[in-house]
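Input: a single structure, listed below in structure tokens.
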Amino acid sequence: MDKAYEAKQHEDRIAEKWEKAKAFQAIRPQDSRSGESFVIPLPPPNVTGTLHLGHAAMLVVEDIMCRYHRMAGDATLWVPGTDHAAIATETVVLKHLGIKDRNKETTRDKFIGECWKWTKKAHDTITNQIRKMGASIDWTRERFTMDMGLSGAVNTIFHDLYEAGLIYRGGRMINWSVGAQSVLADDEVEYKEVNGKLYYYQYFFKDDPKNSLVVATTRPETLFGDTALAVNPKDKRYKSAVGKKVIIPFSNKEIPVIADPYVDLKFGTGCLKITPSHDPNDYEIGRKHKLEARPVIGFDGKMKKSPYVPKEYEGLTREECRKRLSDENDAKVKKYLLKIEPYVHSVGFCYRSHTAIEPMVSTQWFIDVNKAFVHPILKKKTTLKKLTVDAVKKGDVKIIPGRFNKTYFQWVDNLRDWCISRQIWWGHRIPVWYDKKENIHLPRKQNLIFARHGESESNAKMVITSRNDSPLTDLGKSQAAELAEKLKKEKKVKMIISSPLARAKSTGEIIAKKLGVKLVVWDELLEIDCGDITEKDMIPGRSVFERMLEKNTGEALEGMEKRAKTVWEKIEKLDPVDGDILFIGHGMFTSILFALRDGVHPEHYSSFRDDRWRMKNAETREMTHLIAPKGKDLRQDEDTLDTWFSSALWPFSTLGWPDAVNQDFRDFFPTSILETGHDILFFWVARMIMFSLFATGKSPFHTVYLHGLVCDEKGQKMSKSKGNGIDPLAMIDKFGTDALRMAMIVGTTPGNPINLGEKKVEGYRNFANKIWNIARYIFSMNIPAGAKLEPKTHTDKWLLSKTQHLIRSATEGLRKHHYGEVGSMLYKFAWSELADWGIEASKADSSENTALIFREALKSLLMLLHPYTPFVTEKIWESMGEKDLLTLTPWPKPDKKWESKEAEQDFESVKAIVMKIRSLRSEKKIEPSVKIEAVFSGKKLDVLRENENIVKFLASLSSVVYGKKPPRDGISDYVSGTEIFLVLEGVIDEEAEKMRIERELENLEKLIRNLDSRLSNESYVKNAPPRLVEETRRQLQESSEKVKRLKEEKKKYA
RNA sequence: GGACAAUUAGCUCAGUUGGCUAGAGCGCCCGCCUGACUCGCGGGAGGUCACUGGUUCGAAUCCAGUAUUGUCCACCA
């Protein structure tokens, strides 16, 4: 082992070792030691992003959770994936392509193609960076929000919500982002304080052109869209004006003056202009008074061509128009504009494009959160809002830290209908079609039954011959007949589609005949051409599939994927059938069809083949599939869905929903913990809870753990766009992943900001090195043959006992999610206890078992520390000669047998004495190399002295030798009931000594006063825990003793 | 305007249901190559736990209020 631990030399190799061992591939709960599952859905990073500290914080906490649970014996699954990040990606790709106006410069299909290209490239960057963090993720289950399975899930829940009457299309006031060219949800609008102006305009009366009403506005450009002026009905100033007509400045259109209690008498002039088309509040007032909405600003942010906008302003941007209408050199302006005041107000901005939001009236799709419906699974009347609130209220979902409950409730209570349509191209296109009369057509749910052919001759021989066709055996034929019988009874098969190969086709024919249904052959359904494989070709530990791929001389993986896609596309185009469609195919290729639908990346097909999708001869599996409506004049809605719509399905869509027979969904849903930053509690967490309860009737997870935001040195949110972040990869490069991980978790508490400086990371790099050197030293200790795990010396006993305590409290801490605390507990144990005292003591105080005991302590430490610093611990474990991976080693359990309070106290006493001597030596400036004589007396020490080792240990650590004769000259002190006398002939500075004693006395007297007042208080003695009172008495006695002796000592120098 | 947090050593922060003389890391001072570790070892200095009241035998911790900082939500032209 090298002298120093160099993270870079080991991390990649260790990661590879884990991957090769499939260490993080989830096992089934029934195969786990605890029988329980532990599941975390990874909050999917945006595909186009790169790793920042926010990701790092998330990955560290989640990895600690997962590694702990995996070692504790739970079937642990960490489901990874990425998010298509609709607006963000579209913006980036448009910029990359240099496109200003996508409608003119490209086509939808072409652009989406570019997005896919970009996405695929960016995907590798972010996922590799996640790997760098040491995240123990099950990559075989990786998903993407736009993959086939998740897109299917999106369409399904849209369909179901629509059927339940919870999705509607309607014209409403929405937030329009001119920059992103799309509508935004309320949450996607960020409000910022802006130094604006308040403009005062005169609206002259139609019948009394000399008089006017004065209105204050921040947005003069909207005045063309005014359809009324409003005053408060209680406002005496304007009583006579109500009902009269006024003229809009610049446009000469007349509008009425109305009265509405919404108007604030005290603000501005007390007179408000109403623009229902461009202000949410005005929109509401407009609806109330049945006022017309006159849009005057277009989706491009420019003044519209409209009968209400005078020609000279048409085509100006909002800002230009405002300038023109307030240009005080303009004669026209002078007529209307009275004054301009500076005014600070908040303006909504797009959270992606950072342009000012334009409120607009537009037709969009919404989710109705308040509408009562009968829940199809829960069979009770409820609303989406109620479901979302109750999950937390009833405790089905626990939020950590708890204070976020309040925030959550407040948000849900104020929740308005969620606008889910977006006018961008990259995303899930709204699964709705319109005919010429604007009637809405939804996809229909088609039940598909997939069956594998009956037993073939090659099946019977246990060989795989995909090249040569192999007919059905007699058994195969009867299997087919049986299946036909079963289908006739239970299903309504109206169409059979079969592979062209004989074994499948014959199976299909038998069934078709029985059911009297037409049989269609699809060439694409044939089996993989992989040559011939017999048992001889098999390699232990490899699945048939893997072996096939290795031996394969025919169709490549990509080919299979492409063919499977074609099959699904063909299914999409099937004409409506009033019943079920039966597919007869082959074991291998059918699983690929399923895998593709489940969104599994082809390279991982083999990992699942034997487990998740395997089919026996004549076995069937059903699923419903959404098929787009057919018709010449049908056209699909142009809009796409809000990114958060698909994110809201994440915990269950990634596990196979809506396919309820999916093994992963059955084994791993609901998930356990959702860990994320508290900034997306609303965006994401609440919506997941809402959708999960709607779709599955269950909460998606039982615990929400919110980490704090990672902030920069100014306390500002770190973000890519601000470019103010520390690059986690640079930290990893410099100090190692383990160091970064420790730095991001120790000293943090959930929900509170995580501050990170380079110095902190460096500190934990040093820690990794310390662990390394502790191991190096312990490895160098000789374990004699016949050594037993039986503590003999004080140090043996102390260490073994301490270790049990550590195991106990670390485990408890992890169970309570006290990750930061456990981290520092382990740090302190390793450095301050094991290294500084344990190892040092062992150098003098050892038995034939000491080395073994230290090795055991190290092992426990490595196990406990592994979730925090996986790399260095795994590396040391390996160097220790352990065969199994540390990451798969069972979590340690404390053994009561080794716990000894006495041993710990004895050791602590010696520690105190040693520290006192060191302190005295340092004060007296005695060179560390000089051994001085020390004389000890006291009860405690007499006990310890019975063991000769302890004497050696004490002497060694404080660098003294035992003096036996009464000393002539020296200093003395008292600690742990022991008098220490250091022989210092000829070097005593009496004055200094006197001062030292006086200082000591002062401290002691302060303490005694404190203790005394406590004990003389009757209620303290009565109310405080007895243990505490006893301890106080003991301390008081000891301190008084000390004082007595120090006073005597002082007399010497008086 | 409302909600939530934070305020502890020069800096960055811990401190679990109130209970030993309030802790850590970094920095600072003094001294050391003591059988693994200078990414190290030993010894120190440094704090009226933001402020004001209250509850309690006892408060950094609980309650009320004040101040400063930060975050979120709502938003009046």
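First the proteins, then the strands, lettered A, B, ... as listed; each starts at 1. Computed from a predicted model, the values in this text were never measured in an experiment.
- Counting non-hydrogen atoms under 4.0 angstrom, A:S780 reaches nothing in the nucleic acid.
- Relative orientation of the A:Y705 and A:Y819 rings is perpendicular, given thresholds of 30° and 60° on the angle between their planes.
- Among the nucleotides B:C32, B:C72, B:A36, the one closest to any side-chain atom of A:K770 is B:A36.
- Using a 4.0 Å heavy-atom distance criterion, A:S824 is classed as making no nucleic acid contact.
- Not a single donor-acceptor pair, N or O on each side, falls under 3.5 Å between the base of B:C37 and the side chain of A:K3.
- Partners of A:H10 under the ring-ring contact (aromatic ring centres under 6.0 Å, His included) rule, at least two apart in sequence or in another chain, are A:Y5, A:W772.
- Remark: A:K952 does not engage A:D845 in a salt bridge, criterion side-chain N to carboxylate O under 4.0 Å.
- Atom-to-atom, CG of A:L709 to P of B:C4 comes out at 18 Å; the value is rounded to the nearest Å.
- Straight-line distance from the CG atom of A:L1011 to the C1' atom of B:C57: 14 Å, rounded to whole Å.
- For A:H345, taking side-chain heavy atoms from C-beta onward, the closest of the listed nucleotides B:A77, B:C37, B:G42 is B:A77.
- Closest to the side chain of A:S922, from the set B:A36, B:G42, B:U21, is B:G42.
- The NZ atom of A:K875 lies 12.5 Å from the CD atom of A:E11; values are rounded to the nearest 0.5 Å.
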Dump every N/O contact between nucleotides 16-18 of chain B and the protein below 3.5 Å, one line per pair.
residue	atom	partner	partner atom	Å
B:U16	O2	A:H818	ND1	3.2
B:U16	O2	A:E821	OE1	3.2
B:U16	N3	A:E821	OE2	2.9

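- Contacts of A:E6 with the nucleic acid, taken as non-hydrogen atoms under 4.0 Å apart, include base atoms.
- A:G747 comes within 4.0 angstrom of sugar-phosphate atoms only, judged by non-hydrogen atoms across all strands, and of no base.
- B:U61 and B:C20 have their C1' atoms separated by 16 Å, given to the nearest Å.
- The residues A:E358 and A:R219 are annotated as salt-bridged, a charged nitrogen and a carboxylate oxygen being separated by less than 4.0 angstrom.
- In this structure, A:E762 does not pair ionically with A:K734, as no charged nitrogen and carboxylate oxygen lie closer than 4.0 Å.
- In this structure, the CG atom of A:L1036 is 21 Å from the P atom of B:G19, given to the nearest Å.
- In this structure, the nucleotide among B:C37, B:G19, B:G15 sitting nearest to the side chain of A:T749 is B:G15.
- Among the heavy atoms of the strands lying under 4.0 Å from A:I839 is at least one base atom, whether or not backbone atoms are also near.
- Residue-level contact check: A:F735 touches neither bases nor backbone, having no heavy atom under 4.0 Å from any strand.
- Closest contact between the side chain of A:S346 and the listed nucleotides B:G43, B:C75, B:G19 involves B:C75.
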Under the rule of Watson-Crick or G-U wobble with both distances under 3.5 Å, where | means paired to another strand and [ ] a crossing pair, RNA chain B maps to (((((((..((((.....[...)))).(((((.......))))).....(((((..]....))))))))))))....

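- Heavy atoms of A:R416 sit under 4.0 angstrom from primed sugar atoms or phosphate atoms, though from no base atom.
- Which of B:A77, B:C57, B:C72 sits closest to the side chain of A:N1017 comes down to B:C57.
- B:G2 and B:G65 have their P atoms separated by 13 Å, given to the nearest Å.
- Among the protein residues, A:V263 comes within range of the nucleic acid bases, having at least one heavy atom under 4.0 Å from a base atom.
- Among the heavy atoms of the strands, none lies under 4.0 Å from A:N414.
- Minimum atom distance to the side chain of A:Q410 is reached by B:C73, of the listed B:G31, B:C75, B:C73.
- If you check every strand for non-hydrogen atoms under 4.0 Å, A:K406 touches sugar and phosphate atoms only.
- Out of B:G35, B:G19, B:A77, the shortest distance to the side chain of A:Y343 is found at B:A77.
- B:U8 and B:G15 are spaced 14 Å apart, taking the P atom of each and rounding to whole Å.
- Looking at the side chain of A:T217, the nearest of the listed nucleotides B:C57, B:A77, B:G40 is B:A77.
- Here A:N1023 contributes atom CG and A:E1018 contributes atom CD; the two are 10.5 Å apart, rounded to the nearest 0.5 Å.
- Looking at the side chain of A:N773, the nearest of the listed nucleotides B:G42, B:C37, B:A5 is B:C37.
- Ranked by how close their nearest RNA chain B nucleotide is to the 5' end, A:V746 and A:D264 are led by A:V746.
- By the 4.0 Å N-to-carboxylate-O rule, A:K8 lies close enough to A:D733 to be salt-bridged with it.
- For B:U52 and B:C11, the C1' atoms lie 29 Å apart once the distance is rounded to whole Å.
- When the P atom of B:A77 is taken as reference, atom OH of A:Y262 falls 8 Å away, rounded to whole Å.
- One distance of note links OG1 of A:T275 with CG of A:D279; it measures 6.5 Å at 0.5 Å rounding.
- Residues forming a side chain to side chain donor-acceptor pair (under 3.5 Å) with A:T811 (at least two apart in sequence, or on another chain): A:W891.
- At the heavy-atom level, A:R219 lies nowhere under 4.0 Å from the strands shown.
- A distance of about 10 Å separates the P atoms of B:G25 and B:C41, rounded to the whole Å.
- Only the C1' atoms considered, B:U68 is 24 Å distant from B:A22, to the nearest whole Å.
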Taking only distance into account, with no hydrogens and no angle test, what donor-acceptor pairs under 3.5 Å do side-chain atoms of residues 832-840 of chain A form with protein atoms, sequence neighbours excluded?
residue	atom	partner	partner atom	Å
A:E840	OE1	A:K843	NZ	3.4
A:E840	OE2	A:K843	NZ	3.3

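- Taking the charged nitrogens against the carboxylate oxygens, A:R1034 and A:E1038 do have a contact shorter than 4.0 Å, which makes a salt bridge.
- Atom P of nucleotide B:C72 and atom CZ of A:F682 are separated by 10 Å, given to the nearest angstrom.
- A salt bridge links A:E221 to A:R322: one of the charged nitrogens lies within less than 4.0 Å of a carboxylate oxygen.
- Heavy atoms of A:F854 sit nowhere under 4.0 angstrom from any nucleic acid atom.
- A salt bridge is absent between A:E812 and A:R815: the closest approach of a Lys/Arg side-chain nitrogen to an acidic carboxylate oxygen does not fall below 4.0 angstrom.
- When the P atom of B:G40 is taken as reference, atom OH of A:Y777 falls 19 Å away, rounded to whole Å.
- Between A:L865 atom CG and A:F767 atom CZ the span is 4.5 Å, to the nearest 0.5 Å.
- Contacts with RNA chain B (heavy atom under 4.0 Å) in residues 759-768 of chain A: A:K759, A:R765, A:N766, listed by number.
- Contact annotation for A:N752: backbone-only contact, meaning every heavy-atom pair under 4.0 Å involves sugar-phosphate atoms and none involves a base.
- A:Y200 carries A:K339 over the face of its six-membered ring, with the cationic atom under 6.0 Å from the centre and within 45° of the normal.
- Counting non-hydrogen atoms under 4.0 angstrom, A:T269 reaches nothing in the nucleic acid.
- For the P atoms, the distance linking B:U21 with B:A6 amounts to 26 Å, nearest Å.
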